[in-house]
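Shown next, in structure tokens, is the structure this report addresses.
Hydrogens, waters and symmetry mates are skipped; everything else that's a heavy atom, side chains included, is used. Chain letters run A, B, ... following the sequence lines, proteins first, then strands; residues in each count from 1.
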Amino acid sequence: MAEKVYIGDIADHAGKEVAVTGWLYNKRSSGKLWFLQVRDGTGLIQAVVFKGSVSEVLFQRCEEITQESSITVVGTVAEDKRSAGGFELQVTDLQVDQVAQDYPITPKEHGTTFLMDHRHLWLRSSRQHAILRIRHEIVGACRDFFDGRGFTLVDAPVFTPNACEGTSTLFETEYFGSKAYLTQSGQLYMEAGAMAFGKAYCFGPTFRAEKSKTRRHLTEFWMIEPEVAYMDLNGDMELAEDFISYIVKRVLDNRRPELEKLERNTEALAKVVKPFPRLSYDDAAAILKEKEVEFEYGSDFGGADETVISEAFDKPVMVHRYPAAIKAFYMKNDPDDPSKALCVDVLAPEGYGEIIGGGQREDDLSVLEAKIKEHELPAEAFEWYLDLRRYGTVPHAGFGMGIERAVSWICGLSHVRETIPFPRLMHRLTP
RNA sequence: UCCUCGGUAGCUCAAUCGGCAGAGCGGGUGGCUGUUAACCACUAGGUUGUAGGUUCGAGUCCUACCCGAGGAGCCA
């Protein structure tokens, strides 16, 4: 009985007879020969069937198997330059586990809508493998980074009773006779985590009911949110640049083949090392003025503005101290200029835009109470949050990074929809 | 919600001035002993998004609607 092996480990079995279980990716024939491309999730290998060296029945079987049929192939592992990957399987036996019927995704081109309708099958193709393996690497790197720095994972709830930053973008749901909302940020809960553990982070899905139809938006996306007690805005920016440098390096170190598959320019990624340029909002506005971009001082930067700012550098750019008026109620105002907030956005290079938003939080009880009133938020909903200022308040800061935007940038994709296994978009809830 | 573009075979697309709806892939049949999205020959496959209108004649022009994509606003 031949040993069952994974294609990813095939090089360790050269010269031996092994069994590979998987699916037929593609096949070609040449009269007395069949070339079967077999995939098993760990890789792709060409299995060669010579008419002369197998039974008539077995050779006939090759004729019958269709794309994505499940098969078990037994054969000898042989090094061969003519085969992509350097190795091929010289088949001695072939078992058909199921003949797949009319697989919809053919080796030729398809449109995005069609592929998204078949997302559950699209995941089988090599490009999607590369993207999702890089996502996997990034998620692992995020966890390792914070775990390695003594952070405690404190997961935030998905059901929340109140809005974090207003109610317009929340998904509402019925909750035993009252209303609940799907979380749009774990931040307020992470502030509780930071007051309990000093350094805390959460990582989970968040939901935004924004009617945004762009290459940067999902209605459900994953966010990692660290929060640190006794840390100010400068510390926050240092943490952000260390963090991004780390995850980019991890992908460069461990996922070269996947980046190559995606034809990603790795030289651009190799430049992502700290320190990152730091610009105040005023500095950034000055760049826009210099480049003669139409921009109203005091308002937020649009996507096109962010691209102009980030194109001036070849690393992620940290833009800090936005006007307080356009930022959330929990942001602390700059003591040196109270019209500005102690916040930071990290803009990814190459036009990918904002991947991180964060800042130092307001730690003074009375100021925070005044801000809640100013923003016309329901005070009673924030009573627990105000407790964090009543019982041992300290300066603290944190940020949130959208995983899909980071993956999209690092992979060099044109749309975030391929960075998550089953994307949820304004016009897509299936599969 | 607004702006722009699109909807033709299972899939990706073509169809000139309004004049016979076509190709590649996939399916089927046959061929080929080293293919790399193999190739060659043959073959089946259509209510041109929906409903109206103009016209001798509409995939093509007009009106309304439906669906989708990109972008704006908003955001990670």
Side-chain angles (χ1 to χ4, degrees), chain A residues 25-37 44-53 59 62-63 66-68 78 80-85 88 90 100-118 121-122 125-127 164-166 168-170 183-187 205-225 240 299-307 326-328 344-348 352-358 399-409 414-417 419-420 425-428:
Chain A
Y25 199 67
N26 198 3
K27 69 174 180 180
R28 289 177 280 275
S29 81
S30 185
K32 306 290 189 293
L33 278 169
W34 275 106
F35 300 99
L36 309 176
Q37 299 288 335
L44 201 62
I45 194 166
Q46 173 165 278
V48 187
V49 186
F50 288 88
K51 190 167 191 176
S53 53
F59 195 78
C62 296
E63 180 84 33
T66 53
Q67 193 186 353
E68 287 303 313
D80 196 311
K81 282 177 196 153
R82 292 171 295 187
S83 186
E88 64 180 25
Q90 288 163 351
Q101 42 180 306
D102 286 352
Y103 189 68
I105 302 177
T106 67
K108 289 278 179 178
E109 294 166 55
H110 297 285
T112 310
T113 304
F114 178 81
L115 288 169
M116 276 298 169
D117 285 341
H118 296 85
L121 302 176
W122 193 18
S125 56
S126 59
R127 178 185 159 82
C164 181
E165 306 177 26
S168 61
T169 61
L170 286 168
T183 183
Q184 58 176 195
S185 167
Q187 185 209 308
T206 51
F207 307 86
R208 306 251 171 120
E210 290 156 0
K211 290 182 177 174
S212 299
K213 287 179 54 178
T214 81
R215 61 187 68 223
R216 303 191 314 280
H217 286 86
L218 297 165
T219 55
E220 177 181 328
F221 65 97
W222 285 63
M223 191 150 67
I224 187 149
E225 296 173 276
S299 66
D300 210 345
F301 300 123
D305 302 328
E306 287 180 352
T307 301
I326 55 169
K327 287 292 173 180
V344 59
D345 281 0
V346 180
L347 309 181
Y352 279 88
E354 184 183 351
I355 53 170
I356 278 183
F399 61 79
M401 184 184 79
I403 292 292
E404 288 77 14
R405 283 193 183 173
V407 176
S408 184
W409 161 52
S414 58
H415 199 297
V416 291
R417 66 188 156 212
T419 65
I420 185 166
L425 300 150
M426 188 180 160
H427 291 292
R428 179 166 297 281

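The separation of A21(B) from C25(B), taken at their P atoms, amounts to 24 Å, rounded to a whole angstrom. Nucleotides U12(B) and G57(B), compared at atom P, are 34 Å apart to the nearest Å. Between the P atoms of A9(B) and U48(B), the separation comes to 10 Å (whole Å). A gap of 11 Å separates the P atoms of G19(B) and C61(B), to the nearest Å. Going from the P atom of U47(B) to that of G22(B) covers 15 Å, rounded to whole Å. The P atoms of G52(B) and A15(B) are separated by 28 Å, rounded to the nearest whole Å. C66(B) and A51(B) have their P atoms separated by 15 Å, given to the nearest Å. Going from the P atom of C39(B) to that of G34(B) covers 16 Å, rounded to whole Å.
Note: CZ (F114(A)) to P (C25(B)) measures 17 Å, nearest angstrom. At whole-Å resolution of the value, CZ in R216(A) and P in G73(B) are 9 Å apart. To the nearest angstrom, P of A76(B) lies 9 Å from CD of Q184(A). The distance between atom CZ of R208(A) and atom P of C74(B), rounded to the nearest whole Å, is 14 Å. We find that CZ of F301(A) is positioned 13 Å from P of G73(B), with the value rounded to whole Å. Distance D80(A) CG to U35(B) P: 11 Å, rounded to the nearest Å. Atom P of nucleotide G27(B) and atom CD1 of I105(A) are separated by 14 Å, given to the nearest angstrom. When rounded to the nearest whole Å, the span between NE2 of H427(A) and C1' of U1(B) equals 11 Å.
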Protein-nucleic acid N or O pairs under 3.5 Å, nucleotides 3-8 of chain B:
none

All N/O contacts under 3.5 Å from nucleotides 41-44 of chain B to the protein, with atom names and distances to one decimal?
none

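The partner of C17(B), taking Watson-Crick or G-U wobble pairs whose two distances both stay under 3.5 Å, does not exist in any strand shown. Searching all strands for a Watson-Crick or G-U wobble partner of U50(B) with both distances below 3.5 Å returns A64(B). For G26(B), there is no paired nucleotide, since no Watson-Crick or G-U wobble pair has both relevant distances below 3.5 Å. As the counterpart of C39(B), G31(B) is assigned, both hydrogen-bonding distances of the Watson-Crick or G-U wobble pattern falling under 3.5 Å. Nucleotide A72(B) forms a pair with U1(B), judged by Watson-Crick or G-U wobble geometry with both contacts under 3.5 Å. Taking a pair to require two hydrogen-bonding distances under 3.5 Å in either a Watson-Crick or a G-U wobble arrangement, G57(B) remains unpaired.
Regarding the sugar-base torsion, C20(B) falls in the anti class, its angle being beyond 90° of 0.
R208(A) contributes a side-chain N or O that, together with a main-chain N or O of Q184(A), makes up a donor-acceptor pair within less than 3.5 Å. Side chain of T66(A) to main chain of A100(A): a donor-acceptor pair is present (N/O by atom type, distance under 3.5 Å, no hydrogens or angles). Between the side chain of T206(A) and the main chain of T183(A), no donor-acceptor pair closer than 3.5 Å is present. Between the side chain of Q90(A) and the backbone N or O of V48(A), no donor-acceptor pair lies under 3.5 Å. Judged by distance alone, with hydrogens and angles left aside, the side-chain atoms of S212(A) form no donor-acceptor pair with the main-chain N or O of T214(A) at under 3.5 Å. With E306(A) contributing its side chain and E354(A) its backbone, the two residues share a donor-acceptor pair below 3.5 Å. Of the possible donor and acceptor atoms, one in the side chain of R405(A) sits under 3.5 Å from a partner among the backbone N and O of R216(A). Of the possible donor and acceptor atoms, none in the side chain of S53(A) sits under 3.5 Å from a partner among the backbone N and O of V49(A).
At a cut-off of 3.5 angstrom, counting only N and O atoms as typed in the model, there is a donor on one side and an acceptor on the other between the side-chain of R405(A) and the base of C75(B). No N or O donor and acceptor, one from the side chain of Q67(A) and one from the base of G27(B), sit under 3.5 Å apart. Residue side chain S212(A) does not reach the base of C75(B) through any donor-acceptor N/O pair under 3.5 Å, judged by distance alone.
Between F114(A) and H118(A), the ring planes are tilted. Angles from 30° to 60° get that label.
If you check every strand for non-hydrogen atoms under 4.0 Å, K211(A) touches a base. Using a 4.0 Å heavy-atom criterion, one finds that Q46(A) contacts the bases of the nucleic acid, with or without backbone contacts as well. Here E225(A) lies out of heavy-atom contact (under 4.0 Å) with every strand. Heavy atoms of H415(A) sit under 4.0 angstrom from primed sugar atoms or phosphate atoms, though from no base atom. Note on I356(A): only backbone sugar-phosphate atoms sit closer than 4.0 angstrom, heavy atoms only; bases stay farther off. In this structure, F50(A) reaches the bases: a heavy-atom distance under 4.0 Å links it to at least one base atom across the strands shown. Contact annotation for F221(A): base contact, defined as any heavy-atom pair under 4.0 Å involving a base atom. In this structure, M401(A) reaches neither bases nor backbone, as no heavy-atom distance under 4.0 Å exists between it and the strands shown. Using a 4.0 Å heavy-atom criterion, one finds that S29(A) contacts the bases of the nucleic acid, with or without backbone contacts as well.
Side-chain contact annotation: S185(A) with E225(A), donor-acceptor N/O pair under 3.5 Å present.
Side-chain atoms of T112(A) and R417(A), non-hydrogen and from C-beta on, do get closer than 4.5 Å to each other.
Taking 4.0 angstrom as the limit, R417(A) places a side-chain polar atom (N or O) nearer than this to OP1 or OP2 of G70(B). Within the structure, every side-chain polar atom (N or O) of H110(A) is placed at least 4.0 Å from both OP1 and OP2 of U12(B).
When the nucleotides U35(B), A76(B), C75(B) are ranked by their closest atom to the side chain of D300(A), C75(B) comes out on top. The side chain of T113(A) lies closest to A69(B) when the candidates are G34(B), A69(B), C74(B).
Stacking annotation: F35(A) is not stacked on the base of G34(B) (requires ring centroids less than 5.5 angstrom apart and an interplanar angle below 30 degrees).
Residues satisfying the side-chain contact (heavy atoms from CB on, under 4.5 Å) test with K213(A), not counting sequence neighbours, are M426(A), H427(A).
Both M223(A) and T214(A) lie close to RNA chain B; mapped to their nearest nucleotides by heavy-atom distance, the more 5′-ward contact belongs to T214(A). Each of D102(A) and D345(A) lies near RNA chain B, and the nucleotide nearest D102(A) is the one positioned closer to the 5' end.
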- Task: Check the pair L218(A), R428(A) against side-chain contact (heavy atoms from CB on, under 4.5 Å), reporting the backbone distance first and the verdict last.
- Result: CA-CA 10 Å; L218(A) 297 165; R428(A) 179 166 297 281; over 6 Å; no
- Query: Could you walk me through whether Y25(A) and E68(A) pass the side-chain contact (heavy atoms from CB on, under 4.5 Å) check?
  - Reply: CA-CA 6 Å; Y25(A) 199 67; E68(A) 287 303 313; 4.1 Å; yes
